[in-house]
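To start, the structure itself, in structure tokens.
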Number of protein chains: 2
Amino acid sequence: MDQLLDILKRNRLSVTDGRKKILEMFLKTPGALAHADIEKYTDAAFDRVTVYRTLQTFVDKGIIHNIPTSDNAILYALCKEECADGHHHDNHVHFICDTCGQTTCLDEVTIPEVKLPKGFRPQFSEMVVKGICAACQAKQ
Amino acid sequence: MDQLLDILKRNRLSVTDGRKKILEMFLKTPGALAHADIEKYTDAAFDRVTVYRTLQTFVDKGIIHNIPTSDNAILYALCKEECADGHHHDNHVHFICDTCGQTTCLDEVTIPEVKLPKGFRPQFSEMVVKGICAACQAKQ
DNA sequence: AGCAAATTTGCAATAATGTTGCAGGTTTTG
DNA sequence: CAAAACCTGCAACATTATTGCAAATTTGCT
């Protein structure tokens, strides 16, 4: 079965053009996508509202996760291993390239544990590294 | 000399009511503040625009830094050591409490280095830990 | 295949958030 | 104290996000 359909079905979501197109974008893109990227995608001219709702649905189902950025943008990326509903186990590092701007999930780099002050109980952590990505480095 | 004035003067900023009030909020607050927090602050009824500009000025001067969050909000917190203009050395971990929602700078917890895949050159990293903070833990 | 129920979409309206130019006011400098 | 520099508030505008509802699509069932 097609990978797209497989993911949608596994999450008990109706298979619609919008969801297929948006999910396809994620599967094709190595890095992360912002809401704006999806809206601007030429092939897929969906209503803004639909994009918002689709992304939210995907996050809820654990198909994609969002990435914190210190500037305002919300970025989304595919979860490597499918996560349980609402619970993401994407404990990998995200890398944002200063040159090309692309955000990459470094699935093989696990977020290290840190020793917190007394009383703090950690449940989940996120880590973002900025710098120059392998692709841009190679071009120079 | 008053700490407020000291900070403003050291950064060659005019001392105005707005800046004093906003900086005072940061000095009083253990955690981080969102733009909305400042705007809602009862005593300080400044124009929205003034708040935006003041926060931007403080960030530019290295008085405050912003904290990435996976939801959309931009949070700001005081820089512990004053940073050089534009260059922040706030390489500490941020903690967001799931119970009270407050964000705390863990100044004493340094972000660990991670080993990146070949070709990636890191320049700056950020780390956010979510869980239950010491204050909320103690209340239970 | 065909039909009813459930779900999803697009539109419209509205809210929330962020930006810019400019006139008037405040702070600083000397 | 006066001039210059800087800051603030207003207004207008741009962008981003949310909600309700009717129409359209998809699904489950026979």
Side-chain angles (χ1 to χ4, degrees), chain A residues 1-2 4-26 32-61 63-64 66-76 85 101, chain B residues 1-2 4-26 32-61 63-64 66-76 85 101:
Chain A
M1 191 193 278
D2 190 71
L4 280 173
L5 295 185
D6 187 40
I7 294 176
L8 292 176
K9 297 232 162 157
R10 194 160 56 225
N11 287 285
R12 281 166 264 108
L13 291 174
S14 304
V15 176
T16 65
D17 289 348
R19 287 178 181 164
K20 279 192 286 184
K21 264 278 165 24
I22 292 177
L23 188 49
E24 190 187 5
M25 284 188 70
F26 279 108
L33 294 171
H35 175 98
D37 296 327
I38 294 165
E39 218 178 313
K40 279 169 201 149
Y41 190 56
T42 42
D43 283 18
F46 306 112
D47 196 83
R48 283 160 42 67
V49 177
T50 300
V51 176
Y52 281 116
R53 287 196 275 225
T54 303
L55 289 173
Q56 189 54 55
T57 302
F58 285 178
V59 171
D60 291 345
K61 291 293 185 179
I63 299 171
I64 60 176
N66 54 18
I67 301 172
T69 57
S70 46
D71 57 348
N72 204 16
I74 316 182
L75 292 176
Y76 300 89
D85 282 35
Chain B
M1 189 194 277
D2 189 70
L4 279 174
L5 297 185
D6 188 40
I7 294 176
L8 291 176
K9 298 232 163 160
R10 195 162 55 225
N11 286 284
R12 283 168 262 107
L13 291 174
S14 304
V15 177
T16 65
D17 289 349
R19 287 176 180 167
K20 280 193 286 185
K21 265 275 161 34
I22 292 177
L23 188 48
E24 191 187 4
M25 284 187 70
F26 278 107
L33 294 170
H35 174 98
D37 295 329
I38 294 164
E39 218 180 314
K40 280 171 200 150
Y41 191 55
T42 41
D43 285 17
F46 306 112
D47 194 84
R48 281 157 35 69
V49 177
T50 301
V51 177
Y52 280 115
R53 286 196 276 225
T54 303
L55 290 173
Q56 188 55 55
T57 302
F58 286 178
V59 170
D60 290 345
K61 292 293 185 181
I63 300 171
I64 60 177
N66 56 18
I67 302 173
T69 56
S70 45
D71 57 346
N72 202 16
I74 314 183
L75 292 176
Y76 299 90
D85 282 35

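In the text below, chain A, chain B and the rest are named by the order of the sequence lines, each starting its count at 1.
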Nucleotides 27-30 of chain C: which of its N/O atoms have a protein N/O under 3.5 Å away?
from	atom 1	to	atom 2	distance (Å)
C/dT28	OP1	B/Val15	N	2.9

Of A/Val49 and B/Val49, the one whose nearest nucleotide on DNA chain C sits closer to the 5' end is A/Val49

Rounded to the nearest 0.5 Å, the CD1 atom of A/Ile38 sits from the CE atom of A/Met25 at a distance of 5.5 Å

When rounded to whole Å, the CG to C1' distance for the pair B/Asp60 and D/dC7 reads 15 Å

Whichever of A/Thr57 and B/Ala36 has the more 5' nearest nucleotide on DNA chain C, that residue is A/Thr57

Rounded to the nearest 0.5 angstrom, the CG-CZ distance for B/Asp60 and B/Arg53 is 13.5 Å

One would report the end-axis bend of the helix from C/dA1-D/dT30 to C/dG30-D/dC1, five pairs per end and rounded to 10 degrees, as 50°

Tell me, do B/Leu13 and B/Ile63 make a side-chain contact under 4.5 Å, heavy atoms counted? yes

Q.
Under a 4.0 Å threshold between the charged nitrogen and the carboxylate oxygen, would B/Arg10 count as salt-bridged to B/Asp6?
A. yes

Subject >> Heavy-atom donor-acceptor pair, B/Arg48 side-chain to D/dG9 base, under 3.5 Å >> reply: no

A/Lys20 atom NZ is separated from C/dT9 atom P, nearest whole Å, by 12 Å

note: B/Arg53, atom CZ; C/dG18, atom C1'; distance rounded to Å ~ 12 Å

Please check: side-chain N/O of B/Asn11 versus main-chain N/O of B/Leu8, any donor-acceptor pairing under 3.5 Å?
no

Here the distance between atom C1' of D/dT25 and atom CZ of A/Arg19, to the nearest Å, is 11 Å

A/Thr57 versus A/Arg19: any side-chain heavy-atom pair under 4.5 Å? yes

When rounded to whole Å, the CG to C1' distance for the pair A/Leu8 and D/dT26 reads 12 Å

B/Asp47 CG to D/dC10 P, in whole Å, measures 6 Å

When you measure from the side chain of A/Thr54 to the backbone of A/Thr50, do you find a donor-acceptor pair of N or O atoms at a distance under 3.5 Å?
yes

Separation of D/dT8 atom P from B/Phe46 atom CZ, nearest Å, is 8 Å

CG of B/Leu4 to CZ of B/Phe26, rounded to nearest 0.5 Å, is 12.5 Å

Rounded to whole Å, CG of A/Leu75 lies from P of D/dT16 at a distance of 13 Å

For A/Arg48, the side-chain hydrogen bond (donor to acceptor under 3.5 Å, both in side chains) test, sequence neighbours excluded, returns A/Glu39

